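Contents: one structure, followed by commentary.
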2 protein chains.
Amino acid sequence: MARITGSNGERTAAAIRRAALRLIHRHGFAAMNLRELAAGVGIQPGSLYNHITTKQGLLFDLMQEHMTTLLAETDAALAAAGPALIDRLRGFIAHHVLYHLERKQEVYIANFELRALDPPNAACILAMRRAYEDRLIALLEEGVAEGTLAMSDVRVTAYAMLAMLTGVCTWYRPGGRLGRAEIVALHVDLALDGIRRR
Amino acid sequence: MARITGSNGERTAAAIRRAALRLIHRHGFAAMNLRELAAGVGIQPGSLYNHITTKQGLLFDLMQEHMTTLLAETDAALAAAGPALIDRLRGFIAHHVLYHLERKQEVYIANFELRALDPPNAACILAMRRAYEDRLIALLEEGVAEGTLAMSDVRVTAYAMLAMLTGVCTWYRPGGRLGRAEIVALHVDLALDGIRRR
DNA sequence: GTCTATAAACTGATAGAC
DNA sequence: GTCTATCAGTTTATAGAC
């Protein structure tokens, strides 16, 4: 039988995660204090501890949730793409850009607050990031092997592509000159033009 | 007549800047405390204030010095390149990558600690960053106008190029698989391949 | 210019009533 | 689950002796 009381707890927990993403993205993890976070949720500072273990644990949970979602959605996008390598590569790039446009906060935090994690937590997130990078590296190697792609150094190219595609996070603002679909299309071309064999 | 006493002050000030760059790069500005900074320099915390105004003022000085140097060196690299657009563009890219390889700490701080600056200070640094971006945008527009370059959107392309070229900071380690000259050459090609008309 | 000492405010986290 | 109250430690910054 479903619980009726206590349902407020999950709404509060979700509100904490939402407010934390906003504040960490804006001020950085170290500069965000728990009083400010509690005020953003509309509860008292002490009440936070009904939903989080520590400030550090909160950051880790946010990052882990983000990386898990990113990996799962990426694999879904790859599975949904056509079987040809170029289609899967387009699928990867388009998904990466769209995901990064829609979840700027999570992406920014996962990329730049790794140093705020305790070493064991950082190792866990880093392993997930490596797994993500390996998805792209595998695609590039496949393209080189079959002869449709050409590049001097697969690993450097993969890092350069990811840096370029992630860069949209730093300047994109909803309601700007370009729509999301346009930005995605521009970046698919930018990323592919340099590596397609011709 | 040159002062003889007090010459230790400038050495201390330089040591503070050096230690601050290292600590901010490693832990972030908010997470760096002045006790740790003083210990890194080998003085007591209170003595820092003979050389800095506030912690905020220290960050601003570091960023301003970095941006001034970047702009000056970039203009020197452009002036030293051949008159042809493609040579100036190569010069810009090669200088950008090499500078970012050699001054990882400054670059990282200037890019990711902007949110730690007070609004007036942030506006000042942001204006210098815009001036830097405009150097590249002007080159791309010149290339499109003369017909040697082709791209769908100059501004998006410029941001994408800068993000890609700056990305080396996040993974480059001295003594790694690739030397600096190789990394520079790889990125010049990666950045140009997508925009040269063919 | 550096030191010691300390002010004044802020921080993450806990205890116990409701 | 939320509240009030508070602990214990840390933070930036200052004052005054040497």
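Every chain is numbered from 1 and lettered A, B, ... according to where its sequence line falls, protein lines coming before strand lines. None of these values were measured; they are calculated from a predicted model. Side chains are part of it too, since the values below use all heavy atoms of this structure and drop only hydrogens, waters and symmetry mates.
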Whether B:Tyr99 and B:His66 hold their rings parallel, tilted or perpendicular, with breakpoints at 30° and 60°: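 Plane angle between 30° and 60°, so tilted.
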Working for side chain to side chain contact (heavy atoms under 4.5 Å, CB included), residues B:Ile125 and B:Phe60: CA-CA 8 Å; B:Ile125 300 298; B:Phe60 178 65; 3.9 Å; yes
Residue pair A:Glu106 / A:Met63, side-chain heavy-atom distance below 4.5 Å: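 A:Glu106 does not reach A:Met63 side chain to side chain.
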4.5 Å side-chain heavy-atom contact, B:Arg135 and B:Asp75: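 Contact flag for B:Arg135/B:Asp75 side chains = yes.
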Between atom [atom1] in [X] and atom [atom2] in [N], what is the gap in whole Å?
X       : N      : atom1 : atom2 : value
B:Tyr49 : D:dA15 : OH    : C1'   : 14 Å
B:Leu58 : D:dT12 : CG    : P     : 11 Å
A:Leu37 : C:dG12 : CG    : P     : 9 Å
A:Leu23 : C:dT11 : CG    : C1'   : 16 Å
A:Met32 : C:dA13 : CE    : C1'   : 14 Å
A:Leu48 : C:dG12 : CG    : C1'   : 11 Å
A:Asn33 : C:dG12 : CG    : C1'   : 10 Å
A:Glu36 : C:dT11 : CD    : P     : 8 Å

From A:Glu65, A:Arg129, A:His95, residue fulfilling side chain to side chain contact (heavy atoms under 4.5 Å, CB included) relative to A:Leu70: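 That would be A:His95; it is the only one of A:Glu65, A:Arg129, A:His95 passing the side chain to side chain contact (heavy atoms under 4.5 Å, CB included) with A:Leu70.
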I'd like a list of close polar pairs between nucleotides 3-7 of chain C and the protein, N/O only, cut-off under 3.5 Å.
{"from": "C:dC3", "atom 1": "OP2", "to": "B:Gln44", "atom 2": "N", "distance (Å)": "2.7"}
{"from": "C:dC3", "atom 1": "OP2", "to": "B:Ser47", "atom 2": "OG", "distance (Å)": "3.1"}

Polar side-chain atom of A:Lys104 near backbone of A:Tyr172 as donor-acceptor pair, under 3.5 Å: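 Yes: the side chain of A:Lys104 pairs with the backbone of A:Tyr172.
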